[in-house]
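First up is the structure itself, then whatever we jot down about it.
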Amino acid sequence: MDAPGTWFRTDAHRSALDTERAGFLRDGLMGYRERRTAAQQAWISWEAGTRAAAAIKWEAIERLPELLESFEERLLERGAEVCWARDDVEARAHVLRILREENAKRVVKSKTMTSEEIGLNDALEAGGFDTLETDLGEYIQQLRHEPPFHFVMPSMHLRRDEVRETFERGIPGVGLLDTDDPAELTLIARRVLREAYLAADVGISGANFGVAETGHIAITENEGNARLVCALPRVHVALMGIEKVIPRLADLAILQPMLATAGTGQALTCYNSLYGGPRETGDPDGPRRFVVVLIDNGRSRLLGDPVMRDALRCIRCGACLNVCPVFQVIGGHAYGTTYQGPIGSVITPTFRGVETFAHLAHASTLCGACTETCPVRIDLHRHLLRVRALAAQAAPDPGLRAGFRGFAWLTRHPRLFRAVGRTGRFVLRATRFLAGLDGDPFARWRATRTLEAPRGPGFLGDSRRSGGTG
Amino acid sequence: MSDARASILAGVRAALAVPTERGVHADVERLPPDARAALPPVPADPSEWPAIFTQRMEALRGRCYRVVDEEEAAGVIARMAHEEGWNAVYLQDEPTVAAVSADLRARRVSAGAPAREMADCDAGITTCRALVAQTGSILVTAADGGRAGTVLAPHHVVVARESQLVPDLPDAWQVASAGRPVPSFVSLVTGPSRTADIERTLVLGAHGPIRLTVLILP
C-alpha cells in the first residue's frame, strides 16, 4: 500500500479508539441532522428540489465549454481578468504573480477549499506574504497549523476549551483568557480579523457558483467575512473550479437554499453574494482589480469518466460527510485529503491518482446514506464501487484474483463446498475458547469485533429444507 | 496562459465526447427546473407578505418595524441611536436615508469615506432593492451603500418600501437582474451575521452586523 494508504490505516485506527472525540463528533452530527430535517420539511418538495438542482448542474456539465467561454466573456466585459490553470502549479503561479504585480504584503482569505486543494497557503507563506484565514473555523485551524477537519465545518472536532487554548497560544498579545464562552471567543477573533481586512492589500476568496449568463461569482457564507474580504482590499482574487459554472442567475433560486438546507440545516445562509468585476463607476467602494482563476486540476479527467462524471454536480454542501458512518468514526483528518467523506473518496482518486487514493473507496460500508442525502443526486456509493474497480484494473492483485477464482470454483462443487463449510464452522467453534488469549488465530478480527460462532445448518441446509434448489 | 485556456477547453470537449454509460443518473430530467414547485410555500396574496417577512426575519433575530411615514421611521432610529449610544453612523447618500436620519446627533460618515472610518461607525443606514417574504431576506446591491456599507457597522438599518416585498427567491433574483447589466455587487442578506464554528453554538455578529433592523415604509 502506498504511503497515504498506510497513514490512513494508522490515523483511522487511532481516531476510532478515541471514543471521547467520537462521542463529541456524533453529538455534533446529530444536531446537524435535526436541523437539516426541520429545514427540509419546510420545502413543498425537497425531492423536486433535488431533481431541479441536479438538472441544472447536469446541464452545466454538458454545456461546460460554452458556459465557461460565456462566463469569461461576461467577466471581461465587466473589467475583470480571467486566468486559466490546468493544475495546482499553474494556479499557485497565477496567484503569486498577481500578488507580486500588486506589490502586496498582506492577504486575507475567505473560505476556499480550492485553495486547500492547490496548497496555496504554503506557497503564500514561502513567498513571504502575511496571510490570514478569516472564516472563524478556518482561522482556528490556521492557528493550529492543522488542515480543516470537515470542508464545511473546519473546526467541528474542537471543544471550546481547545479553541481557547489555540487562541492563547496563537494570537499575539491575547495572553491567558478567563473564558471559553463561544461568544467571547468569536469576539476576540472578530477584533483581530477586523484589523486584518482593513490592512490587507489583497483578498482571496473561493466561489460557490459562477454565473455564465451575467459574469458573477456567487459566494455563500454566514459570517460576513467573505463580504469584507471581497469589499475592502484593493484587489480581489477568486479561485474557482471549472465545474462551478452554472447557466443562469435564476438557477441560484434553487441552488442556494439547497446548499443551505443540505449543508447546515438553514433555509438560506446569511449572505448569498454576487461579485462581478471590480468597482464600477458610481460605486462608492470595492476592489480596483478583480481576477478569477479558473482551475481544472483533475476535473476534466473526472468529466471523461462515463460513470462518475456526475460527481462534478457536487455543490460541496458536506451532507454526505455528516451522514457517513465511516466519517463519524474516523473523523476528517484520517482521510488526508482536501475533500473528506464519501465525495472526497470518489473524486480524490481521480484528482490525485487512483493507485494512491483508492484505499478511501474501501473505507466504506456501501450503506448508501451518502447517495440518499445528496441534494444533487450523485450516485456516490455506486461510484465508490467504481473507484474500487478502477483500482483493481490499474493494479491487479493476483492473490485476490486467485482467491475469488478458487471460491467461484468451490461454489460449483456443492459437496466440496459443504465440506469446507463444515470444517470452517468446526474450527470457529473449536477455537472460541482462545478468544483474548495468545495464539488466537482470529485475534486481529476479534480485536474490534465479536466473532459469533455459526449456529444451525447454514444457508445451504436451510434452503434445501424449505424446498430451495440449493 | 492562453495555452492553459485552450488546453482546458479542448480537454473538456474531449471528455464530453465520451458518452455517458447507459443507466447512469437516468433520473435526472432535462426539463427547465421549476423552483417554485419545490421551495417552501408562500401565499399568493401580497397582503400576507409583510407579516411572513417579519416573522421569518425575527426568527433569525432581526428586527422589523412597519412605520406609517418617514417621521415615524426617524423616531425609531433616534430611539435605537439613544439606546445603543451611537457616536458615528454611516449614511448612504439617498433621500429617504437622509430624511430618516435628519435629527441624528451622531457623527455622519458618508459613502466613499475611508474604510477605517466606516469600520468605526456604530450603525449604517441604507436602502435595499427587495425584501423576500419566503426567507426573510433583504436584497442589496452596490447601489445600497456599496459593498461594505451593508456589512461593516455592528448595526445595519435598512429603510424599505412595502412595494419592495416579493414573495420568493425566484422573484428576488428577477429583481436583481431587472437592471441589465446586473450590478457588480449583489447580496441576499438573511439575518444578522452569524457563526456556529465553536461547538455549534450560535453566535451573532461573527464579522458583520450583530443587529439587523428593517423599517418598512408604505
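Within every chain, numbering begins at 1; the chains are lettered A, B, ... in the order of the sequence lines, protein sequences first and strands thereafter. Side chains are part of it too, since the values below use all heavy atoms of this structure and drop only hydrogens, waters and symmetry mates. All values reported here derive from a predicted model rather than from experimental measurement.
Contacts of Ala37(B) with chain A are made by backbone atoms alone, with heavy-atom separations under 4.5 Å and no side-chain atom involved. Neither the backbone nor the side chain of Leu302(A) has a heavy atom closer than 4.5 Å to any heavy atom of chain B. For chain B, the nearby part of Leu68(A) is the side chain; its heavy atoms alone come within less than 4.5 Å. With a 4.5 angstrom heavy-atom cutoff, Glu77(A) does not touch chain B via any of its atoms. Interface remark: Pro114(B) contributes no atoms to any contact with chain A (heavy atom separation under 4.5 Å). Contacts between Ile378(A) and chain B at a heavy-atom distance below 4.5 Å are absent for every atom of the residue. Using a 4.5 Å cut-off between heavy atoms, Leu193(A) contacts chain B through its side chain alone, with no backbone atom that close. Contacts of Thr214(A) with chain B are made by side-chain atoms alone, with heavy-atom separations under 4.5 Å and no backbone atom involved. Heavy atoms of Asp27(A) lying under 4.5 Å from chain B belong exclusively to its backbone. When heavy atoms are compared at a cutoff of 4.5 Å, Ser7(B) approaches chain A solely by way of its side chain, counted from C-beta outward. Contacts of Gln41(A) with chain B are absent, with no heavy-atom separation under 4.5 Å from either backbone or side chain. In this structure, chain B has a heavy atom under 4.5 Å from the side chain of Gln266(A), while its backbone stays farther away. With a 4.5 angstrom heavy-atom cutoff, Val203(B) touches chain A only via side-chain atoms. Looking at Pro19(B), the atoms closer than 4.5 Å to chain A (heavy atoms on both sides) all sit in the backbone: N, CA, C or O. Proximity to chain B (any heavy atom under 4.5 Å) is restricted, for Leu158(A), to the backbone atoms N, CA, C and O. Contacts between Glu90(A) and chain B at a heavy-atom distance below 4.5 Å involve the side chain alone, from C-beta outward. Interface residue Ala183(A): backbone and side-chain heavy atoms are both found under 4.5 Å from chain B. Using a 4.5 Å cut-off between heavy atoms, Thr150(B) touches chain A through backbone and side chain atoms alike. Interface remark: Thr269(A) contributes backbone atoms only to the contact with chain B (heavy atom separation under 4.5 Å). For Arg194(B), the parts lying near chain A are the backbone and the side chain together; criterion is any non-hydrogen pair under 4.5 Å. Only the backbone of Arg36(B) comes within less than 4.5 Å of a heavy atom in chain A; its side chain stays farther off. Both the backbone and the side chain of Asn222(A) have a heavy atom closer than 4.5 Å to some heavy atom of chain B.
Across Pro181(B), Gly205(B), Ala17(B), the residue that shares the most heavy-atom pairs under 4.5 angstrom with chain A is Gly205(B). Ranking Gln256(A), Met156(A), Arg299(A) against chain B, the residue ahead of the rest is Gln256(A), based on heavy-atom pairs under 4.5 Å. For the set Leu202(B), Ile198(B), Leu212(B), the count of heavy-atom pairs under 4.5 angstrom toward chain A peaks at Ile198(B). The most heavy-atom pairs under 4.5 Å with chain A, out of Ala142(B), Pro209(B), Ala148(B), come from Ala148(B). Ranked by non-hydrogen atom pairs under 4.5 Å with chain A, the options Pro170(B), Pro41(B), Ala172(B), Gly191(B) are led by Pro41(B). Contact count against chain B (heavy-atom pairs under 4.5 Å) is highest for Leu249(A) among Leu249(A), Val211(A), Asp180(A). The greatest number of non-hydrogen atom pairs below 4.5 Å with chain B, out of Glu47(A), Glu195(A), Met153(A), is found for Glu195(A). Contact count against chain B (heavy-atom pairs under 4.5 Å) is highest for Leu198(A) among Ile254(A), Leu198(A), Thr134(A). Annotation: maximal heavy-atom pairing with chain A below 4.5 Å, among Thr201(B), Thr135(B), Leu39(B), Val189(B), occurs at Leu39(B). Between chain B and the residues Ala253(A), Pro257(A), Ala267(A), the most heavy-atom pairs under 4.5 angstrom are made by Ala253(A). Among the candidates Val182(B), Val140(B), Leu139(B), the residue making the largest number of heavy-atom pairs closer than 4.5 Å to chain A is Val182(B). Ranking Pro278(A), Gly286(A), Pro182(A), Gly49(A) against chain B, the residue ahead of the rest is Pro182(A), based on heavy-atom pairs under 4.5 Å.
Side-chain contact check for Leu187(A) versus Arg191(A): some heavy-atom pair is nearer than 4.5 Å. Using a 4.5 Å cut-off on side-chain heavy atoms (C-beta onward), Ser300(A) and Ile8(B) make no contact. The shortest side-chain heavy-atom distance between Leu131(B) and Trp49(B) does not fall under the 4.5 Å cut-off. Counting heavy atoms from C-beta on, the side chains of Trp173(B) and Leu274(A) come closer than 4.5 Å. Two residues are said to be in side-chain contact when any heavy atoms from C-beta on lie closer than 4.5 Å; Val151(B) and His156(B) fail this criterion. Side-chain contact between Val42(B) and Phe53(B) is absent, with no heavy-atom pair separated by less than 4.5 Å. Using a 4.5 Å heavy-atom cutoff, the side chains of Met57(B) and Leu60(B) are not in contact. Using a 4.5 Å heavy-atom cutoff, the side chains of Glu69(A) and Arg5(B) are in contact.
Donor-acceptor pairing under 3.5 Å is lacking for the side chains of His383(A) and Arg386(A). Checked by atom type, the side-chain pair Ser184(B)/Arg78(A) shows no donor-acceptor distance below 3.5 Å. Glu138(A) and Asn225(A) are not linked by any side-chain donor-acceptor pair at a separation below 3.5 angstrom, with hydrogens and angles left out of the test.
Aromatic ring orientation, Phe185(B) versus Tyr275(A): tilted (interplanar angle from 30° to 60°).
Between the Lys57(A) side chain and the Glu243(A) main chain, a donor and an acceptor come within less than 3.5 Å of each other. For Asp122(B) (side chain) and Trp86(B) (main-chain N/O), no donor-acceptor pair under 3.5 Å exists by modelled atom type. Under a 3.5 Å cut-off, the side chain of Thr141(B) and the backbone N or O of Val186(B) do not form any donor-acceptor pair. Side chain of Arg56(B) to backbone of Gln134(B): a donor-acceptor contact under 3.5 angstrom is found.
Within the model, atoms SG of Cys121(B) and CZ of Arg116(B) stand 13.0 Å from one another, a figure rounded to the nearest 0.5 Å.
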Open item on the list: Apply salt bridge (charged side-chain N to carboxylate O under 4.0 Å, His left out) to residues Arg160(A) and Glu184(A) and explain how you reach the verdict.
Closed with: CA-CA 11 Å; Arg160(A) 56 185 72 192; Glu184(A) 297 284 334; over 6 Å; no
TODO: Determine, step by step, whether Arg211(B) and Glu84(B) satisfy the salt bridge (charged side-chain N to carboxylate O under 4.0 Å, His left out) criterion, reporting the C-alpha distance in whole Å, the side-chain angles of both residues, the deciding distance to 0.1 Å, and the verdict.
DONE: CA-CA 11 Å; Arg211(B) 284 178 291 276; Glu84(B) 294 166 20; 3.3 Å; yes
